[in-house]
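Encoded as structure tokens, the structure appears first; notes follow it.
Letters A, B, ... mirror the listed sequences (proteins, then strands); counts begin at 1.
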Amino acid sequence: MLKVGLVGAGPLARLHRERYADVEDATMAATAAVDGDPLSPPDGATAHDDIGSLVEAVDAVEVCGPPATRREAVEAAADAGLPVLCGAPVAETAADAEAVARAVADVPFLAGHLVRFAPELSAIAESVDAGEPGDPGVVRVERRLPRTERSADWLADDAGTGSVLLDLAVHDVDFLRWVVGDVIRAFSRTRVADTSEHALTLLRFEGDAMAHLDTHRADLPDAPYRVAVEYAGDEGNIEFDSADAAAMTFHGIEGSGPDPFQELPFVDGHARDAHDYLLEHFRAVATGEADPRVGAEDAVATLRATLAAAESAETGRPVAPAEVGR
Amino acid sequence: MTVRIGVLAPYHVHGPGFGPGVAEQDGVEFVGIADDDEDRGRRVAAEDDTEYFEDRDELLEQVDAVGVFAAIPERRRYIEAAAAHGCDVIVEKPLALTAAEARRSADACEEAGVLMGMALPLRFNEVVRQAHRVLAEGAIGELQSVVGTNRCPLPGDHEWIDVHGGRGTVAAHTCHVTDLARAITGEEVAEVYAETGRLFGDQPGEDAELLSMEMSDGTVFTHDGSRSRPDNHYQGATVDMKLVGTEGVVDLDGYERVVYEIRDTEPGAGWNTNNFGSEHGDRLDRDFVEAVRERRPMAVTGEDGVREAAIVEAAYESAERGEPVAVDWPE
């Protein structure tokens, strides 16, 4: 039984605290936070005032506090020789991300880029991998999430240019790097209002393919979530739209049925999603049964490409990932 | 009064059939076709069941208005000839590959006192008009951004490439959606950044196009005009737009109002889509004839043609220079 320590106390930490109950051969054994109070631990687990004492009590560490605090937690876990799962992005700056990569050089490390574990996106990646659509041409990714469900409390006060890119688009950049390749430049424009944050980003890749990334955070109760992908290759297209993929829908009179912001309840409490597959994979990585599907090198490259988009949105110029932070 | 129309140089795919389509209206006579390429002119005249005029001036003497469908670099020559004979003109898009060239064509018409319009039927698309109303009513709050596409399969033959003067999809597929965005917002495109490439086929000219634009009021606007659709796609070409406002989002699909037909047997095996209920092509034809008859401007004017040629020119310049380019046109 793998004993996992959880560092962080935000929404992601709270969600994963519950999800470990469904992971075979793993248990949530301890909690801590870099800043502030640790999450209240599940039955049988312990809460720690500092990471130093947490690493003494566990076999592996998941880091999912605010990105600016992740480097410190990852370094503490890696120094203790423990396998690490670190939420994405692994840091806020390229320099910190590179420090994370150096720190975990000798321990099993999994970057928590959830898209690599999302069943629908994995299905696309499999088709691409099999060469079905041919060489990549133009890939379009659209993602919309409610503002009320910011994945991170630490961004709640930041309505600046970067947040919709660094908090949301970073995952789609990772997906695009997975199915297309390395980004050579980004050009992004963003519109931020009290009720809506919208980023439209063009990416260009090694080998000449390009992508259109449409990332939007707004509270639209009729259609709170949307993920749509169109992968156009020189031999065919692959398309996915969450609006078309609803295998079960509910229509009721006002006041009946599920909260529209909640997914429909499944028998075992929730639909198995990317979080479950991520944590199961981490269990296998930590015990040496699997190689990490996405490691530190990818985490750094994805962050650099996302920061290039954010820098482009600020400067109005195309920015290369290699230029970021110079 | 009967409006007498002609067609000049029916090279672009919208040229053949234009005359008979317009002449379906009452009080319209399709007089004939003139074309410097005699073989092409005679062929299309036979297809369209009309007369071929060896002497272009002879046709222009007999008509009130013409449609010009020449290759882009040839368009101004035909427009000037029509204007010199006092004929009103409707032109395939884009008017030209540069704003300066487009301005000369528009000026020729203005100086001759003839009307000039652009053959952009989507202005009349019912879904687009509804979106315009929704925006005007403030249903999505303040407009923040516009996401548009006008994608299609690779063109089937090389004529289609030559008609764009050796240029690809930026010339062919930028105007529809930029015209709609300009019409819906009442703003001009101020700056363009373009990523272009040849990623889907081996024909001359670019076949992939992503544009990131800023409009004069700060609205962000992207456009995808790539030839990225497989021939077997169930939908074929797209014209879709998303309008993102501070209080809501409107998704619109200009070709969504369709009946699907799926066949196992030829001809037409596979997915087929039959559009219904928009009739934007017919409305464009009616607007053209009414404008000529009533001496009032067409819905999309030569001035629009100049602005949109300027966007095309700036997009090519941006792709060349790898940086955003301000959109500029001579007054």
Side-chain angles (χ1 to χ4, degrees), chain A residues 133-140 142 144 184-205 207-223 226 228 230-239 241 243 312-313 315-318 320, chain B residues 140-149 151 153-154 169 191-202 206-215 218-235 238 242-249 251 318-319 321-324:
Chain A
D135 291 333
V138 179
V139 185
R140 300 178 65 86
E142 180 179 351
R144 178 165 68 224
I184 56 173
R185 63 176 172 267
F187 186 87
S188 187
R189 301 186 198 263
T190 56
R191 291 304 301 275
V192 176
D194 289 346
T195 48
S196 168
E197 297 156 60
H198 192 207
L200 290 168
T201 307
L202 309 189
L203 298 176
R204 200 72 194 246
F205 296 85
D208 232 20
M210 56 183 85
H212 180 280
L213 200 49
D214 174 343
T215 319
H216 191 199
R217 193 149 48 190
D219 296 324
L220 309 178
D222 291 340
R226 175 110 193 261
E230 184 195 283
Y231 183 108
D234 64 354
E235 293 176 31
N237 283 15
I238 302 174
E239 298 177 9
D241 187 336
S312 169
T315 62
R317 317 278 306 172
Chain B
I140 62 168
E142 198 178 311
L143 185 68
Q144 299 284 289
S145 29
V146 178
V147 182
T149 80
R151 292 161 295 169
L154 282 170
T169 193
E191 185 189 84
V192 181
Y193 175 82
E195 291 284 1
T196 66
R198 192 186 304 156
L199 304 176
F200 297 101
D202 54 7
E206 71 288 347
D207 57 24
E209 173 198 19
L210 290 177
L211 304 183
S212 173
M213 294 168 273
E214 184 170 287
M215 304 198 72
T219 299
V220 170
F221 171 27
T222 63
H223 174 59
D224 182 347
S226 301
R227 290 166 168 163
S228 55
R229 292 259 147 163
D231 289 338
N232 289 316
H233 198 282
Y234 57 88
Q235 199 185 21
T238 65
K242 180 167 80 166
L243 308 177
V244 176
T246 51
E247 293 169 21
V249 172
D251 279 303
S318 171
R321 284 170 34 195
E323 56 187 15

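- Proximity to chain A involves both the backbone and the side chain of B/Ser228, based on heavy atoms less than 4.5 angstrom apart.
- Ranking B/Leu210, B/Asp231, B/Val249 against chain A, the residue ahead of the rest is B/Leu210, based on heavy-atom pairs under 4.5 Å.
- Chain A forms more heavy-atom pairs under 4.5 Å with one residue of B/Gly245, B/Gly218, B/Gly141 than with any other, namely B/Gly218.
- Proximity to chain A is absent for every atom of B/Ile140, based on heavy atoms less than 4.5 angstrom apart.
- By the side-chain contact (heavy atoms from CB on, under 4.5 Å) test, B/Ser318 is found to be paired with B/Tyr193, B/Ala194, B/Val325, residues two or more places apart in sequence or in another chain being considered.
- Under a 4.0 Å N-O distance rule, the pair A/Arg140/A/Glu239 does not qualify as a salt bridge.
- The main-chain N or O of A/Pro318 is never found under 3.5 Å from a side-chain atom of A/Arg185 such that the two would form a donor-acceptor pair.
- When atom types are taken as modelled, the side chain of B/Thr246 and the backbone of A/Thr195 share no donor-acceptor pair closer than 3.5 angstrom.
- Chosen from B/Glu247, B/Arg198, B/Lys242, the residue pairing most often with chain A at heavy-atom distances under 4.5 Å is B/Lys242.
- With a 4.5 angstrom heavy-atom cutoff, A/Glu235 does not touch chain B via any of its atoms.
- A side-chain donor-acceptor contact under 3.5 Å links A/Arg189 and B/Ser212.
- Contact of B/Val244 with chain A is made through the side chain alone, with heavy-atom distances under 4.5 Å.
- With a 4.5 angstrom heavy-atom cutoff, A/Asn237 touches chain B via backbone and side-chain atoms both.
- Both the backbone and the side chain of A/His212 come within contact range of chain B, each with at least one heavy atom under 4.5 Å from a heavy atom of that chain.
- Of the possible polar contacts, none joining the B/Asp224 side chain to the B/Thr149 backbone as a donor-acceptor pair under 3.5 Å is found.
- Using a 4.5 Å heavy-atom threshold, the side chains of A/Glu197 and A/Thr215 count as separate.
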